[in-house]
Asker: 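Before we start, here is the structure in question, set down as structure tokens.
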Amino acid sequence: MTEATKETPAPNAEIEEEIETVVEIDEAEEAPQSFTVTLNIRRYDPEVDDEPRWVDYDVEMYPTERILDALHRIKWEQDPTLAFRRSCAHGICGSDAMRINGRNRLACKALVKDFDISRPVYVEAIKGLPLEKDLIVDMEPFFDSYREIQPFLQASSKPERERHQTIEQRARFDDTTKCILCAACTTSCPVFWTDGQYFGPAAIVNAHRFIFDSRDEASQVRLDILNDREGVWRCRTTFNCTDACPRGIEVTKAIAEVKQAMMRGVKL
Amino acid sequence: MATLKKNSTAGEIRDGIHYHQHDVVIVGAGGAGMRAAIEAAPHASTAVITKLYPTRSHTGAAQGGMAAALANVEEDNNEWHTYDTVKGGDYLVDQDSAEILTREAIDAVLDLENMGLPFNRTPEGKIDQRRFGGHTREHGKAPVRRACYAADRTGHMILQTLYQNCVKHGVNFFNEFYALDLVMAEVDGKQRVAGVVAYDLATGDIHVFQGKSVVFATGGFGKIFKTTSNAHTLTGDGVGIIWRKGLPLEDMEFYQFHPTGLAGLGILLTEGARGEGAILRNASGERFMERYAPTIKDLAPRDIVARSMVQEVLDGRGAGPNKDYVYLDCTHLGAEVLEEKLPDITEFARTYLGVDPVVERVPVYPTAHYAMGGIPTNNDAEVLADNETVVPGLYAAGECACVSVHGANRLGTNSLLDINVFGKRAGVNAVEYSKTADFVDLPSDSAGEVVGMLQQLRDGTGEESVAQIRKELQEAMDMNAQVFRTEETLTRATEIVAGLRDRYRNVKIHDRGKRFNTDLLEAVELGFLLDLAEVLVLCALNRKESRGAHMRDDYPKRDDENFMQHTMAYLSGDPHSSTAVDHIRLDWKPVRGGKYEPQERKY
């Protein structure tokens, strides 16, 4: 579409992750300098392409800008056909989970300064869900798994006011209430990649949120659902999900707690 | 490699258009839409059409709390809450509506708790409450703990809880369906609702949803501004659809700027931070709100705080290399309060500004946040065709609607309340209406206008860029229609918007495909933004006084004699005529007063 655009071969499957801050920001209050970042994006338009293809884009960026800003700059200034989901742009809505340099992140929480920009930044759709177009995948299988674990409070009492819950009881499941259903965890899981039937970390996280809620009475129902051959026992504790979670949820720990609850009962 | 989206949502296909029939059709799946769906789905066939997956809605970005006089931690009652809401809204609030809002607030919070919402708790296990701007005890004597909250993720928890309960009730969602038109038809000389036309983003197909009743819950339009807390997707589509149908919009000039956006970015930092004790300081470290609101200081309503911040910057007391922001000082709160009660905003400051609120002051500046105006409704969430006449079967709730419970300035935590109280009312009433009403026959070419509009955009031969026009619009609005306005700036904005509207007719769409054509989507969204910006600016020009969020430097006083009334804007001519006054007629609607007589607003 533009001169900056050129086809490149697919990168190595394993791309090393750069987590250290590569671009130093001056402490002094000077205007930060912009620089050119190359994004290598895996494009796919089913109406045109037989196979996905990697395309380079050069973008002028400031260190504290987000990868989402880079994608917008490409879409708005170079190639408006680029398709991706986004909404809130600050890590709350969960729309823009994608694979950036081989690791799942939200594009709106991935800052340019955290990447080695001497090399291209590789951006592709999250893995394990059907690719629809460019960075967009079909989220329905993901939400199907979520819905299966009965993600809603089940309590028979009809209180006149609020149900009481101590600060400690509330804290017991706080971590898993943070989930924004972005699918970064589930689509980083090697088990999910090879077995799409596996419930996946996000569904288990959301089961955990209710299993350990003192007000809920259906813990056993959810534990039975997850005691399935496609349930928690498929987890191989690779910690990819914990690394991927943009909300900092200790996903692997939550899965382990669900496993323990199956063996020893729920301790609130 | 790719699979087609599972099509359980196909409906019946005639001439390439998909047709669906549901008793209740809800447009939008944020807080108000889903709260309505929870009432509607168990009692009537209900479809929810939503541009985004429901959990992506911007209700999830709300942070600080939801107001209700539960009196769980100190004395409070809903009469005080009503007074605060009326005074906070600079007396442009319809007082009977505010009474409903605050009275039903208590059940609204308890409903959410019963549905599973994990509120923060008091040591006794009750729902905890915190302070928030403009919420006071005994009619302004001191701040009161009224905001029910879940850390600084209250909106996230509300959105998740409502979605969870929609899953429980098996609500029929049409995800990533973009509503583009409301179908009306004349029955016995009266305009009635027949349905909604939507565009399926995944396939590019057009769907017509025939409904007995239709609920609009489409949110706001913050993207007319550059610096905003709003999501990219908040483009006023629902408000724009109503406007293009010739139905009026109310109080569009009243747009709220939230005081504490991250400087330069606009990302929201909750007022709950100040509720927990954070303080605004200028470059020299002075707690300047003591000068502007001596009694409740940093917990004054948002319009006053935002204006005070801008005034500090204008007077040269701003901080930073360009002296263009002030500081939110949380350093005295301690790491524990920040991590426990304000974890998300702490992380936002660290991530996006590299500033640690535990030890550093956070650069902040006002950010476009919330539309007080919108689609006029009565207390039953029924949409109005003029000052009194109801459009049978049509409802609106949430930010897209104007009841008006927020008047000229909304209090923090009253919007999460609004979506629950009036979302519920919309759902209940839409079901009741559908029980007795028949389907209105769809006009023969009900999707015609949408098909034509999309075709025209897709086939356009112009060279104008959607992104460029949107950028110029947003910059012009920030420059000329923000916290301080004058005849001169608003006139300039009017001219710029008119020019952009002309150019919009020559936009170029690069993506000619059908699947996930987000290029086309952004072009359509821009059309709505331009329409609403035009209305907003014209209404702002017309209101020659200062009230709530609408501050006219050239008319700095509130003028109750002439302007104690709601603005009503009507599309009255060819929307393509380049001068706004040629196709927009402005009228007034009386404010429903009550026991609170207008007084000078001091805090």
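For the numbers below, each heavy atom of this structure counts, side chains included, while hydrogens, waters and symmetry mates do not.
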Asker: Among A/Arg99, A/Arg53, A/Arg103, exactly one meets salt bridge (charged side-chain N to carboxylate O under 4.0 Å, His left out) together with A/Glu124. Which residue is that?
Answerer: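 By the salt bridge (charged side-chain N to carboxylate O under 4.0 Å, His left out) criterion, A/Glu124 pairs with just one of A/Arg99, A/Arg53, A/Arg103: A/Arg99.
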Asker: Ring of A/Phe212, cation from A/Arg172 - is the NZ or CZ under 6.0 Å from the centre and inside 45° of the axis?
Answerer: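 Yes - A/Arg172 lies over the ring of A/Phe212, closer than 6.0 Å to its centre and within 45° of its axis.
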Asker: Between CZ of B/Arg458 and CD1 of B/Ile509, what distance do you get to the nearest 0.5 Å?
Answerer: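 It comes to 9.0 Å.
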Asker: Under 4.5 Å from any heavy atom of chain B, what part of A/Leu82 do you find: side chain, backbone, both or neither?
Answerer: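 For A/Leu82, backbone heavy atoms alone lie under 4.5 Å from chain B.
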Asker: Looking at A/Asp45, A/Asp213, A/Ile136, A/Asp216, which one has more heavy-atom pairs under 4.5 Å with chain B than the rest?
Answerer: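 Looking at each of A/Asp45, A/Asp213, A/Ile136, A/Asp216 in turn, A/Ile136 comes out on top.
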Asker: With a 4.5 Å heavy-atom cut-off, do B/Phe119 and A/Arg170 have their side chains touching?
Answerer: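 Result no, sub-4.5 Å side-chain heavy-atom pair not found.
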Asker: Side chain from CB out, backbone as N, CA, C, O: work out which of these in B/Leu520 comes under 4.5 Å of a heavy atom of chain A, or both, or neither.
Answerer: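 No part of B/Leu520 comes within 4.5 Å of chain A.
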Asker: Which one wins on heavy-atom pair count under 4.5 Å against chain B: A/Leu181, A/Thr166, A/Leu111, A/Asp134?
Answerer: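 So the answer, after comparing A/Leu181, A/Thr166, A/Leu111, A/Asp134, is A/Leu181.
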Asker: Is any side-chain heavy atom of A/Arg105 closer than 4.5 Å to a side-chain heavy atom of A/Met98?
Answerer: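 No. Closest side-chain heavy atoms not under 4.5 Å.
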Asker: Would the distance check show the side chain of A/Thr186 and the main-chain N or O of A/Ala202 forming a donor-acceptor pair, the cut-off being under 3.5 Å?
Answerer: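 Yes, A/Thr186 side chain to A/Ala202 backbone: donor-acceptor pair under 3.5 Å.
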Asker: Highest number of heavy-atom pairs under 4.5 Å with chain A: which of B/Lys508, B/Lys514, B/Met115?
Answerer: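 Ranked by contacts with chain A, first place is B/Lys514.
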Asker: Name the member of A/Ala171, A/Ala83, A/Gly94 that forms the most heavy-atom pairs with chain B at distances under 4.5 Å.
Answerer: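 When all of A/Ala171, A/Ala83, A/Gly94 are compared, A/Gly94 has the most.
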Asker: At a heavy-atom distance under 4.5 Å, which candidate from B/Thr122, B/Leu521, B/Leu201, B/Ile127 has the highest pair count against chain A?
Answerer: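 Result: the option with the highest number of such pairs is B/Ile127.
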Asker: Tell me which of these, B/Pro118, B/Ala231, B/Ala61, has more heavy-atom pairs under 4.5 Å with chain A than the rest.
Answerer: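 So the answer, after comparing B/Pro118, B/Ala231, B/Ala61, is B/Pro118.
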Asker: Check whether B/Asp152 reaches the backbone of B/Gln63 with its side chain - one donor and one acceptor, N or O, closer than 3.5 Å.
Answerer: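 Between the backbone of B/Gln63 and the side chain of B/Asp152 there is no qualifying donor-acceptor contact (under 3.5 Å).
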Asker: Does the side chain of B/Glu113 reach to within under 4.5 Å of the side chain of B/Asp111, using non-hydrogen atoms?
Answerer: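 B/Glu113 does not reach B/Asp111 side chain to side chain.
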Asker: Under 3.5 Å, side chain of B/His169 to main-chain N/O of B/Val171, donor-acceptor pair present?
Answerer: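 No; zero donor-acceptor contacts below 3.5 Å.
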Asker: Look at A/Glu65, A/Arg247, A/Glu168, A/Gln169 and state which one has the largest set of heavy-atom pairs under 4.5 Å with chain B.
Answerer: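 Highest number of pairs under 4.5 Å: A/Arg247.
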Asker: Check whether A/Ala155 gets within reach of chain B through its side chain, its backbone, both or neither, counting any heavy atom under 4.5 Å.
Answerer: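 Neither part.
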Asker: Please identify, among A/Cys179, A/Ser95, A/Cys93, the residue contributing the most non-hydrogen atom pairs under 4.5 Å to chain B.
Answerer: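 Among A/Cys179, A/Ser95, A/Cys93, the one with the most close pairs to chain B is A/Cys93.
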Asker: Measure distances from B/Glu124 to the heavy atoms of chain A and classify the residue's part below 4.5 Å as side chain, backbone, both or neither.
Answerer: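 The backbone, not the side chain.
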Asker: Let me see the working for A/Ser157 and A/Arg163 under side-chain hydrogen bond (donor to acceptor under 3.5 Å, both in side chains), right down to the final yes or no.
Answerer: CA-CA 9 Å; A/Ser157 63; A/Arg163 293 189 180 87; 3.2 Å; yes
Asker: For B/Glu347, is there an ion pair with A/Lys109 - N to carboxylate O distance below 4.0 angstrom?
Answerer: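 Looking at A/Lys109 and B/Glu347, the cut-off is met.
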Asker: Can you tell which part of B/Leu265 gets under 4.5 Å to a heavy atom of chain A, answering side chain, backbone, both or neither?
Answerer: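 Interface part for B/Leu265: side chain.
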Asker: With a 4.5 angstrom heavy-atom cut-off, is it the side chain or the backbone of B/Arg56 that approaches chain A, or both, or neither?
Answerer: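 Both parts, backbone and side chain.
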Asker: What part of B/Arg470 is in contact with chain A, defined as an atom under 4.5 angstrom from a non-hydrogen atom: side chain, backbone, both or neither?
Answerer: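 B/Arg470 touches chain A through side-chain heavy atoms alone.
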Asker: Could you look at B/Asp128 and say if it's the side chain, the backbone, both or neither that has a heavy atom under 4.5 Å from chain A?
Answerer: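 Neither part.
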Asker: A/Asp174 versus chain B, heavy atoms under 4.5 Å apart: side chain, backbone, both or neither?
Answerer: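 A/Asp174 touches chain B through side-chain heavy atoms alone.
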Asker: Can you tell me which portion of B/Asn322 sits under 4.5 Å from chain A's heavy atoms? Options are side chain, backbone, both or neither.
Answerer: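 The answer is neither part of B/Asn322.
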